[in-house]
Amino acid sequence: MWADGPDAMWADGPDAMWADRPDAGWADGPVSSADSPTAMLAGLRATRDPGVPPRPRRPFGPLGSFGPPGSRRPLLIVVAAAAVVAIVAGIVLVHALSGSPPATGATGTASATSSASSPDGRRQAATRLDALLAQSVTDRAAVTNAAEDVRGCGPSLSQDATTFAHSASSRQQLLSRLASMPGRSQLPAAMLQDLTSAWQASAQVDSDLARWAQDNATRGCHHHRGRSDAFLRASGAPEARATVAKRAFAAQWNPIARQYGLTTYQRNQL
């Protein structure tokens with residue numbers, strides 16, 4: 001092929017070798033617009049029947065996803081529900097493995113409230129009882145002064161019987177308030193029973209002393225030492241019972257009083 005040299009094929013110029021190419025028609029000038037690439041491609045475009053409406057395009061959904069807006073909402077709801085079910089199932093399984101049943105909302109709340117309020121309930125009950133004891137101490141002070149006045153045939157002899165009677169009535173009121181005191185179940189039952197016994201016995205003593213004072217006021221004192229009559233002797237037995245009960249009560253009350261910063265008492269103060 002290259003017998004005459006590599007440049008022999010170009011002897012007539014670079015375009016001579018293309019003289020016989022299939023598209024030699026281009027040598028006569030540019031192609032007509034009918035034969036342009038755009039015209040040729042137009043015949044390749046898909047044609048649509050004029051009677052068929054165009055198919056609507058699907059709009060983009062949220063975050064660029066295909067489909068109408070909100071089309072993924074049911075799927076999200078299903079996923080959320082499945083997650084909740086899985087969490088509940090996990091809790092039930094944990095309680096089952098631990099051997100304790102899961103507490104319901106109402107029962108769990110009630111138990112927690114009861115446990116949390118128990119110390120407060122005890123404190124409140126102790127505070128209420130402390131107020132009753134303070135009233136009892138006031139009554140005892142008045143009784144002690146009246147007894148000394150009767151023994152000495154003092155100037156208040158005519159009023160001493162009234163003081164004893166008032167103290168007896170006050171102790172009965174204290175017994176009633178103690179029996180109906182809110183939260184009394186938070187305190188030791190034995191302690192409350194000792195206090196009840198002590199106040200009952202002391203009320204009997206006050207009634208006997210009221211009659212003793214009245215007898216002395218009516219019949220007069222003997223050698224300024226008071227009359228030792230049957231009413232005074234009758235007060236001895238209930239006074240002994242009251243003393244025993246007060247000592248037992250104080251031994252139980254004082255630790256509770258110290259715990260809550262309340263008043264402590266000795267037997268002879270109640």
Side-chain angles (χ1 to χ4, degrees), residues 125-184 187-188 190-254 256-257 260-270:
T127 302
R128 294 187 186 100
L129 181 57
D130 185 61
L132 298 183
L133 295 174
Q135 180 60 47
S136 177
V137 170
T138 301
D139 293 339
R140 179 176 174 79
V143 167
T144 300
N145 293 334
E148 292 297 327
D149 189 69
V150 173
R151 288 191 181 96
C153 294
S156 300
L157 187 59
S158 60
Q159 301 297 323
D160 291 334
T162 302
T163 300
F164 290 127
H166 180 271
S167 179
S169 175
S170 178
R171 293 186 194 276
Q172 292 296 338
Q173 293 178 8
L174 289 174
L175 286 168
S176 178
R177 292 171 62 186
L178 178 62
S180 60
M181 185 182 71
R184 58 173 288 139
L187 300 174
M191 181 187 73
L192 297 179
Q193 181 56 51
D194 288 333
L195 182 59
T196 298
S197 298
W199 280 347
Q200 288 174 339
S202 294
Q204 181 61 49
V205 171
D206 292 340
S207 295
D208 292 336
L209 294 180
R211 288 189 286 268
W212 169 58
Q214 184 63 42
D215 186 44
N216 277 271
T218 301
R219 299 172 59 181
C221 292
H222 180 64
H223 300 296
H224 301 282
R225 295 179 61 86
R227 295 178 58 85
S228 179
D229 58 15
F231 299 116
L232 181 60
R233 292 192 297 271
S235 67
E239 176 65 25
R241 295 196 302 272
T243 298
V244 173
K246 290 174 183 178
R247 183 180 292 112
F249 168 78
Q252 300 173 81
W253 164 254
N254 288 339
I256 297 175
Y260 298 121
L262 303 174
T263 305
T264 59
Y265 294 99
Q266 299 299 319
R267 181 269 310 169
N268 58 356
Q269 293 178 291
L270 297 173

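The shown structure was predicted, so the numbers you read here are calculated from the model rather than taken from an experiment.
- The environment of CZ in R177 is sparse: at most 12 heavy-atom neighbours from other residues, nucleotides or ligands sit within 6.0 Å.
- Here the shortest heavy-atom pairing between I256 and P188 reads CD1-CD, 3.8 Å.
- To the nearest 0.5 angstrom, H166 atom NE2 is 13.0 Å from Q159 atom CD.
- L132 has its side chain within reach of L178: a pair of non-hydrogen atoms, C-beta onward, lies under 4.5 Å apart.
- The main-chain N or O of P182 is found under 3.5 Å from a side-chain atom of R128 such that the two form a donor-acceptor pair.
- In this structure, the separation between CD on Q173 and CD on Q135 is 8.5 Å, given to the nearest 0.5 Å.
- In this structure, the side chain of R267 does not engage the main chain of A250 through any donor-acceptor pair within 3.5 Å.
- Residue F249 forms a side-chain contact (heavy atoms from CB on, under 4.5 Å) with just one option from N254, D194, V244, T196, and that option is D194.
- In plain terms, the two heavy atoms of Y265 and W253 that are nearest each other are CD1-NE1, 3.8 Å.
- Side chain of S176 to backbone of Q172: no donor-acceptor contact under 3.5 angstrom is found.
- Between R140 and R171, some side-chain heavy-atom pair lies under the 4.5 Å cut-off.
- Minimum interatomic distance between G183 and A125 (heavy atoms only, all atoms of both residues): O-CB, 3.2 Å.
- Between L129 and L195 the shortest side-chain heavy-atom distance falls below 4.5 Å.
- For the pair T138 and S170, the minimum side-chain heavy-atom distance is 4.5 Å or more.
- In terms of modelled atom types and a separation under 3.5 Å, the side chain of D149 and the main chain of L157 share a donor-acceptor contact.
- Between K246 and L270, the shortest heavy-atom distance links the atoms NZ-O, 2.8 Å.
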Tell me, with the steps shown, if S136 and W199 meet side chain to side chain donor-acceptor pair (under 3.5 Å).
CA-CA 9 Å; S136 177; W199 280 347; 3.1 Å; yes
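- Between the side chain of S169 and the backbone N or O of A165 there is no donor-acceptor pair closer than 3.5 Å.
- Considering every non-hydrogen atom in both A203 and A168, the closest pair reads O-CB, 3.7 Å.
- A198 approaches A242 most closely through the heavy-atom pair O-CB, 3.8 Å.
- S167 places no side-chain N or O within donor-acceptor distance of the main-chain N or O of T163, the cut-off being under 3.5 Å.
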Given V205 and V143, is the side chain to side chain contact (heavy atoms under 4.5 Å, CB included) satisfied, shown in steps?
CA-CA 10 Å; V205 171; V143 167; over 6 Å; no
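- Side-chain contact between W212 and R233: absent, with no pair of heavy atoms (C-beta onward) separated by less than 4.5 Å.
- Judged by distance alone, the side chain of D160 and the main-chain N or O of A147 form no donor-acceptor pair under 3.5 Å.
- Residues passing the salt bridge (Lys or Arg N to Asp or Glu O under 4.0 Å) test with R211 are D208, sequence neighbours excluded.
- Looking only at distances, a side-chain donor or acceptor of Q269 sits under 3.5 Å from a matching main-chain atom of Q266.
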